[in-house]
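Remarks on the structure that follows.
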Amino acid sequence: MNLRQIATCAALVFFAPLLADARGYGGGGYARGGGGFDMHSEAPTGGTHSSTGPAGTSRTTTYGSNGSSAGRTTTTTNGNYSKTTTAGESNGQYNKNSTASNGYASKSSSTSANANTGNYSRSASGSNGTGSYNTQTSGNAYNGTASHTTNAGNVYGQSYHGSTTANNGYVTHGAYGTSGYYGGTAYVANPMYGAYPAWGWNTGVAWYPAATYWGGGFWGPWALGVATAATWGTIVYNNQTITSYQVQADSPGAKLLSSYHLTQTPCGPPGLVVIYGPNNSAICAKPNDLVSAGDYNVDASNLTIVSAKPS
Amino acid sequence: LRTTLAACFLSCVLGAPGAFADAAGTAKIHQPDGTERVYSNVRIRVQDHERLLITSHDGKGTLIVNKASCTAIASLMRCLASSAELDQNGGVLPIAVKSGTVWLNPGDTAQQLPYTSAQLPPRGVMMALETQRGTFVGLTGTVDEVIK
């Protein structure tokens with residue numbers, strides 16, 4: 001047999017049964033995440049499925065809408081209600097967006113995650129004729145960091161702000177509403193930083209008390225027992241005398257006072273705003289149109305003061 | 001020549017079925033969206049003297065070249081692939097092949113590839129395949145096993 005001759009032969013083989021069902025490839029089975037070979041570009045794209053439910057809800061799903069196997073857009077309608085969801089996955093990146101409305105209220109959300117980096121984020125918002133809300137969540141599933149904030153308000157002037165952060169097992173949370181009494185506790189929303197997420201007043205960097213400083217350094221870098229710091233009176237709290245020191249400019253405490261338009265004054269006289277800070281510290285200020293006289297604690301995450309007892 | 005050449009080439013040149021330990025093939029898959037991955041230690045098998053099976057190291061996916069026209073060129077076999085499929089995740093995905101060439105060295109000595117400085121080792125395989133959708137699959141290695 002002369003192998004040099006052209007030996008155009010028939011097929012090496014022959015079709016194996018084409019078992020594939022296009023519906024089976026919508027979930028990104030040929031993407032990287034599930035092992036095997038990543039050949040997601042070869043998965044079927046394009047297709048539409050429609051259905052109508054017994055309550056008159058109609059739903060149409062178009063898959064392959066973003067050119068990948070997992071891309072799909074679903075629209076659901078029933079009367080004035082309409083919802084559209086778009087989702088897709090490519091190369092480890094997952095994205096989903098959703099909007100819905102019923103003629104009176106609407107909401108939207110967006111989610112993204114990356115299986116390679118671990119980063120994820122989600123935002124959502126909604127509104128109707130009397131109020132609105134928005135939430136933001138982000139973090140990294142691999143290093144354990146997370147941040148979540150929620151803001152809400154209504155046409156009556158009420159609002160709520162909450163934030164939670166997590167980092168390497170440490171979780172901090174702060175929440176407050178519109179200035180006023182809630183469950184017997186007075187919340188005084190920070191007029192400058194109230195709408196910021198946690199630690200937004202500190203450019204997003206979490207602040208923690210330093211044990212070797214008076215007030216944890218919140219009011220300034222005064223070393224415990226330092227003789228050079230100017231004393232600003234004393235107050236007695238729980239049968240314990242607390243010496244107050246002058247708040248240093250550019251400290252977190254100074255930023256707190258400034259945002260509430262408060263001016264520090266020596267503790268001692270009655271009828272003052274007394275703010276208890278970290279590590280058994282306290283400073284005093286004269287009340288103003290934002291903050292009435294009374295005792296307050298500090299929520300450092302949002303630089304907010306919360307009444308220590310009803311004032 | 002004989003149309004049976006292609007069908008018998010593997011049985012003729014690779015001998016009886018047997019196992020080839022230490023799969024060391026390397027596959028590179030480049031997709032039109034820019035995604036590119038290199039898969040090491042892929043297992044290369046020939047089934048029924050007809051199909052070329054390329055299995056990922058984790059065993060979860062097998063790319064199958066199941067139709068090709070083969071020509072003997074010197075001591076090498078050149079096959080032009082025209083059909084393939086991916087057996088993965090419990091399903092079989094047909095892959096439309098735009099063009100593809102598989103070179104095999106069925107002999108026991110390394111062979112020079114025509115018009116190149118490259119050589120194919122004994123039982124060596126080299127494949128370049130482009131799909132209709134623009135995915136490129138490259139493969140180098142040796143046949144690990146011939147199976148029924």
Side-chain angles (χ1 to χ4, degrees), chain A residues 1-47 63-72 87-95 114-117, chain B residues 1-7 9-10 27 29 31-35 37 39 42 47-52 54-56 58-75 77 79 81-83 85-96 102 131-135 137:
Chain A
M1 181 178 295
N2 185 358
L3 294 182
R4 290 182 178 278
Q5 295 183 17
I6 301 298
T8 302
C9 306
L12 250 186
V13 179
F14 312 93
F15 290 112
L18 298 181
L19 302 176
D21 179 349
R23 291 174 298 179
Y25 306 113
Y30 300 101
R32 166 178 356 202
F37 294 114
D38 178 9
M39 296 192 71
H40 61 262
S41 297
E42 298 301 314
T45 59
Y63 57 87
S65 54
N66 68 350
S68 73
S69 60
R72 62 179 61 207
E89 188 277 340
S90 178
N91 198 24
Q93 176 69 38
Y94 172 79
N95 297 303
N114 190 293
N116 303 312
T117 64
Chain B
L1 272 216
R2 302 290 183 268
T3 56
T4 54
L5 176 60
F9 82 98
L10 289 168
I29 299 178
Q31 301 189 68
D33 63 3
T35 305
R37 290 199 63 186
Y39 301 87
V42 299
Q47 183 182 40
D48 295 334
H49 317 300
E50 296 175 338
R51 306 202 298 172
L52 182 66
I54 305 154
T55 302
S56 62
D58 60 12
K60 294 183 177 179
T62 298
L63 178 63
I64 304 165
V65 177
N66 56 13
K67 187 175 182 181
S69 297
C70 297
T71 301
I73 298 180
S75 298
M77 190 67 70
C79 299
S82 57
S83 179
E85 59 192 19
L86 178 64
D87 186 348
Q88 190 163 291
N89 293 331
V92 179
L93 174 68
I95 294 174
V102 183
T131 72
Q132 295 283 1
R133 294 189 180 180
T135 299
V137 180

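Chain naming here is simple, since letters A, B, ... match the order of the sequence lines and numbering starts at 1 in each. Computed over heavy atoms, backbone and side chain alike; hydrogens, waters and symmetry mates excluded. Quick caveat, the model's predicted, so the values are computed rather than measured.
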Inter-residue atom distance E42(A).CD - T131(B).OG1, 0.5 Å rounding: 3.5 Å

Set of side-chain contact (heavy atoms from CB on, under 4.5 Å) partners for S82(B), sequence neighbours left out: K67(B)

Min side-chain heavy-atom separation M39(A)-L93(B) under 4.5 Å: no

Heavy-atom donor-acceptor pair, Q31(B) side chain to S41(A) backbone, under 3.5 Å: yes

Residues which pass side-chain contact (heavy atoms from CB on, under 4.5 Å) with S75(B), listed by chain and number, not counting sequence neighbours: Q111(B)

Non-hydrogen side-chain atoms of I54(B) and F37(A) separated by less than 4.5 Å: yes

Pairs of heavy atoms under 4.5 Å with chain A: top-ranked of I64(B), D33(B), T55(B): D33(B)

Reported NE2-to-CD1 distance for the pair H40(A) and I29(B), which is rounded to 0.5 angstrom: 10.5 Å

